Protein chains: 2
Amino acid sequence: MTVKSTQVELDKAGMVLKLLGDKTRLSMMKLLQKNECCVCEFVEIFKISQSAISQHLRKLKDVGLVRETRKGQWIFYSLNQNSDVYELVQQILAFIPNQDERIIELEKQGLRIICE
Amino acid sequence: MTVKSTQVELDKAGMVLKLLGDKTRLSMMKLLQKNECCVCEFVEIFKISQSAISQHLRKLKDVGLVRETRKGQWIFYSLNQNSDVYELVQQILAFIPNQDERIIELEKQGLRIICE
DNA sequence: TGACCATATAAGTATATAATGATATGGTAT
DNA sequence: ATACCATATCATTATATACTTATATGGTCA
């Protein structure tokens with residue numbers, strides 16, 4: 001039997017856990033697990049300022065947990081599957097309840113951004 | 001195939017991750033995974049005040065991650081296996097490198113407390 | 001009992017964090 | 001080009017956090 005779990009340096013793991021230790025970011029990451037989202041969608045979902053959302057995403061990006069792709073006028077964020085802590089993140093997110101009603105709600109309000 | 005991972009409420013998961021997002025506490029938890037430790041041992045290991053250690057342990061205890069047992073004049077801490085987030089914690093700790101050299105070091109210095 | 005020890009709590013301080021509003025940046029499209 | 005839009009950054013503020021020292025608590029054991 002092989003236990004497949006890449007070890008993560010203590011400092012790095014600490015950084016990741018601290019990032020995920022914020023309710024907003026944790027919820028964002030859970031959403032990104034199944035959906036690409038852009039900043040303005042997060043603003044709608046979390047009801048905090050665009051600035052605050054942007055800063056959260058920057059932190060996640062700085063540690064390499066998410067990546068961004070421009071599509072038309074929007075920048076879409078998604079999980080960075082090449083992160084060296086991707087597996088850790090996935091394991092953690094597996095425990096978090098689905099946040100998809102938040103996306104459903106967006107769609108109901110006609111605020112979901114669909115590209116391509 | 002069954003994915004066995006008890007869902008954990010977002011708020012609760014956030015609390016746990018925030019707690020583990022501190023390097024000292026994360027390291028403590030990893031140590032506790034294999035060893036019972038008392039406050040004075042942690043003081044030696046982490047080289048911070050007894051007060052600081054005590055406060056970290058209190059936070060871990062408040063969320064139910066650890067439990068305490070008195071043995072003689074010492075209070076030993078251990079992982080609380082009955083915690084409703086025990087599985088999550090275990091999954092996370094699996095990614096953290098072993099901290100046992102710290103215990104070995106303690107033993108070398110004759111500072112390891114052994115009871116019973 | 002009383003002294004002693006390990007641990008907990010209190011009070012204070014410095015730093016980190018999450019938010020805001022205002023402004024800058026930079027791509028899109030007319 | 002210029003207006004517009006989404007996003008990023010700056011400056012500031014309020015709150016949270018991790019630490020320290022000093023003191024309290026509460027077992028243990030002579």
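Naming: A, B, ... by sequence-line order, numbering from 1 per chain. Being a predicted model, the structure only gives us computed values, none of them experimental.
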**Q** Could you pick out which residue, C40(A) or D22(B), lies toward the 5' side of DNA chain D when each is mapped onto its nearest nucleotide?
**A**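 Per heavy-atom nearest nucleotide, the more 5' residue is C40(A).
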**Q** Got a salt bridge between D22(B) and K59(B), using NZ or NE/NH1/NH2 to carboxylate O under 4.0 Å?
**A**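 No, D22(B) and K59(B) are not salt-bridged.
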**Q** Taking the minimum atom-to-atom distance to the side chain of Y77(B), which one of dT7(C), dC19(D), dA19(C) wins?
**A**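 Nearest nucleotide to the side chain: dT7(C).
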**Q** I'd like to know if Q73(A) reaches the base of dC4(D) with its side chain, counting only an N/O donor and acceptor under 3.5 Å.
**A**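 Absent.
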**Q** Please give, in whole Å, the distance from dA16(D) C1' to K18(A) NZ?
**A** 12 Å
**Q** Between dA8(D), dT17(D), dA22(D), which nucleotide gets closest to the side-chain atoms of V39(A)?
**A**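 In terms of side-chain proximity for V39(A), the closest of dA8(D), dT17(D), dA22(D) is dA8(D).
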**Q** Any N or O donor-acceptor pair linking the side chain of T24(B) to the base of dA18(D) at under 3.5 Å?
**A** no
**Q** In whole angstroms, how far is the C1' atom of dT17(C) from the NZ atom of K23(A)?
**A**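 Answer to the nearest Å: 16 Å.
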**Q** Would you list the pairs meeting side chain to side chain donor-acceptor pair (under 3.5 Å) in which at least one residue belongs to residues 105-114 of chain B, sequence neighbours left out?
**A**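 Applying side chain to side chain donor-acceptor pair (under 3.5 Å) to every pair that reaches into residues 105-114 of chain B, excluding sequence neighbours, yields E41(B)-R112(B).
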**Q** Under 4.0 Å between any heavy atoms, over every strand shown, what does E41(A) touch: base, sugar-phosphate, or nothing? Just pick one.
**A** nothing
**Q** Choose from dA8(D), dA19(C), dA11(C) the nucleotide whose nearest atom is closest to any side-chain atom of H56(A).
**A** dA19(C)
**Q** Can you say whether a donor on the side chain of Q50(A) sits under 3.5 Å from an acceptor on the base of dA8(D), or the other way round?
**A** yes
**Q** Ignoring the backbone of S51(B), work out which of dT7(D), dT17(C), dA22(D) is nearest its side chain.
**A** dA22(D)
